[in-house]
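Reading through the structure tokens given below for one structure.
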Amino acid sequence: MTLVDSEYFCKTMAIILDGSIAAASIRTEIAEAVKSSVAKGNRPPGLVAILVGEDGASQTYVGAKKTACDEVGFAGDVRRFAADITEAELMAEIEKINVDETIDGLIVQLPLPKHISEEKVTQAILPGKDVDGFHDINMGKLAKGDETGVKPATPYGITLLMKHYGIDASGKHVVVVGRSNIVGRPMSMLLSAAAPYGNATVTLCHSRTKDLASFTRMADILVVALGKPGFVTADMVKEGAVIIDVGTTRVDDASRKSGWRLRGDVDYDAVLDKVSAITPVPKGVGPMTITGLMMNTLEVYKAKFA
Ligand code: GUN
């Protein structure tokens, strides 16, 4: 290979930030931690997922969470309820789990049927068991940079993915697109925190941002969580940027048996030659949400069995 060839090679080879590889590696570490705790006579970590109704995507997500529990040696339990469960009945189930000392983590899969308040349910989970990191106490601690809270699972998973691939946010300009309470806003707080995964200068963009592309083009690290497939085009990214694509939207695909495929918020094929690293969709951020959840559960458990 000539020098020109190798320069060309280096310039065009983006690193694919493969969430399934990072997740497998981190889950092996979690499994080892569980094994050594259980060998000392402790019970395994317990994680309960509540699933209400028959939503297809929710069933898939909860199934993947249960499989991850089995892989790492957690006692994973899916509690299923019919879509017509009352809010009071669901709150009573949460209360039972809140006081069960064998259960470290509880998640209620969203969305919930319309007659149940997601806000009320989310806030009913004991903050110490809220391994999704959705509770106001955990969000408040995150906003204050208080490390004793439970971190939001998806943004935490993204920091774990970055760590796995040696991407350091410190001193970089991170642009986050999307201000949801589940991803965009907590992501901006985590990456700007005075913490090993943080110390970035963060700009949070949203639907009212004027001239969005002028911001995304400034990003050393661009995190996109919009739910608009293919929204970020090549002209919107800086040469050599790191792209984290949180979007996972089902789009029609007649070539698939299912009739659909998942597509991210970034036009992957168009930006691939321009960026230094990028998450694919699927198998990018997706597996890291579950890994964040598993890490949160392990951390809650470890605090009791240290
Ligand atoms: N629905 C879609 N994503 C999530 C998630 O991360 N946690 C919960 N509880 N529900 C979801």
Side-chain angles (χ1 to χ4, degrees), residues 19 23 46-69 74 76-81 83 85 87 90-91 93-94 97-98 103-114 116-139 142 149-161 178-187 189-190 223-227 244-250 262-265 279 281-297 299-300:
L47 175 60
V48 171
I50 289 183
L51 179 59
V52 180
E54 305 289 328
D55 181 79
S58 291
Q59 297 202 36
T60 305
Y61 293 141
V62 167
K65 289 168 187 177
K66 171 74 172 99
T67 302
C69 283
F74 287 2
D77 184 12
V78 179
R79 300 195 184 171
R80 294 167 198 274
F81 298 95
I85 186 174
E87 189 179 89
L90 185 56
M91 297 291 265
E93 289 297 331
I94 292 169
I97 296 166
N98 279 345
I103 298 167
D104 304 292
L106 166 61
I107 61 163
V108 178
Q109 190 66 27
L110 305 177
L112 289 170
K114 292 216 161 24
I116 301 175
S117 160
E118 290 186 354
E119 176 63 12
K120 220 164 142 183
V121 164
T122 302
Q123 302 308 324
I125 297 170
L126 200 69
K129 296 193 180 191
D130 163 42
V131 286
D132 264 325
F134 292 167
H135 195 284
D136 286 356
I137 295 270
N138 290 319
M139 285 289 274
L142 175 65
V150 182
K151 296 184 201 69
T154 298
Y156 183 30
I158 290 170
T159 66
L160 295 172
L161 179 68
R179 57 180 161 185
S180 75
N181 287 330
I182 293 181
V183 185
R185 192 177 302 282
M187 185 85 256
M189 292 194 277
L190 263 188
V223 182
V224 194
L226 276 177
I244 310 287
D245 188 351
V246 192
T248 45
T249 308
R250 286 184 182 191
L262 289 179
R263 187 156 192 234
D265 289 343
T279 57
V281 177
K283 294 201 162 83
V285 171
M288 300 312 295
T289 294
I290 300 181
T291 304
L293 193 68
M294 299 286 126
M295 278 298 272
N296 277 339
T297 307
E299 284 164 18
V300 168

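Worth knowing before you read on, the calculation uses all heavy atoms, side chains too, and leaves out hydrogens, waters and symmetry mates. Read the numbers this way: they start at 1 and go in the same order the structure lists the ligands and their atoms.
- Looking at Ile182 against ligand 1, nothing comes within 4.0 Å, counting heavy atoms.
- Compare Asp132, Val62, Val183 by their heavy atoms: the one nearest to atom 8 (C) of ligand 1 is in Asp132.
- No donor-acceptor pair closer than 3.5 Å links the side chain of Asp104 to the backbone N or O of Thr297.
- Within a 6.0 Å radius of CG in Leu262, other residues, nucleotides and ligands contribute more than 12 heavy atoms.
- Results of the side-chain contact (heavy atoms from CB on, under 4.5 Å) test with Met294 over Asn296, Ile290, Thr291 single out Ile290 as the only residue that passes.
- Short contacts between ligand 1 and Val108, defined as distances under 4.0 Å to a heavy atom of the residue, involve ligand atoms 8 (C), 9 (N).
- Where the criterion is an N or O separation shorter than 3.5 Å, residue side chain and backbone included, Gln109 meets it with respect to ligand 1.
- Taking any N or O of Pro111, backbone or side chain, none lies under 3.5 Å from an N or O belonging to ligand 1.
- Considering all non-hydrogen atoms of both residues, Asp130 and His135 come closest at OD2-N, 2.8 Å.
- Here the options are Ile158, Asp132, Leu142, Ile182, the test is side-chain contact (heavy atoms from CB on, under 4.5 Å), and the partner is Pro152; only Leu142 passes.
- When all heavy atoms are compared, the tightest approach of Val131 to Leu293 is O-CD1, 3.4 Å.
- An N or O contact shorter than 3.5 Å is missing between Ile107 and ligand 1 by distance.
- In this structure, the protein non-hydrogen atom closest to atom 1 (N) of ligand 1 is Leu110 O, 2.8 Å.
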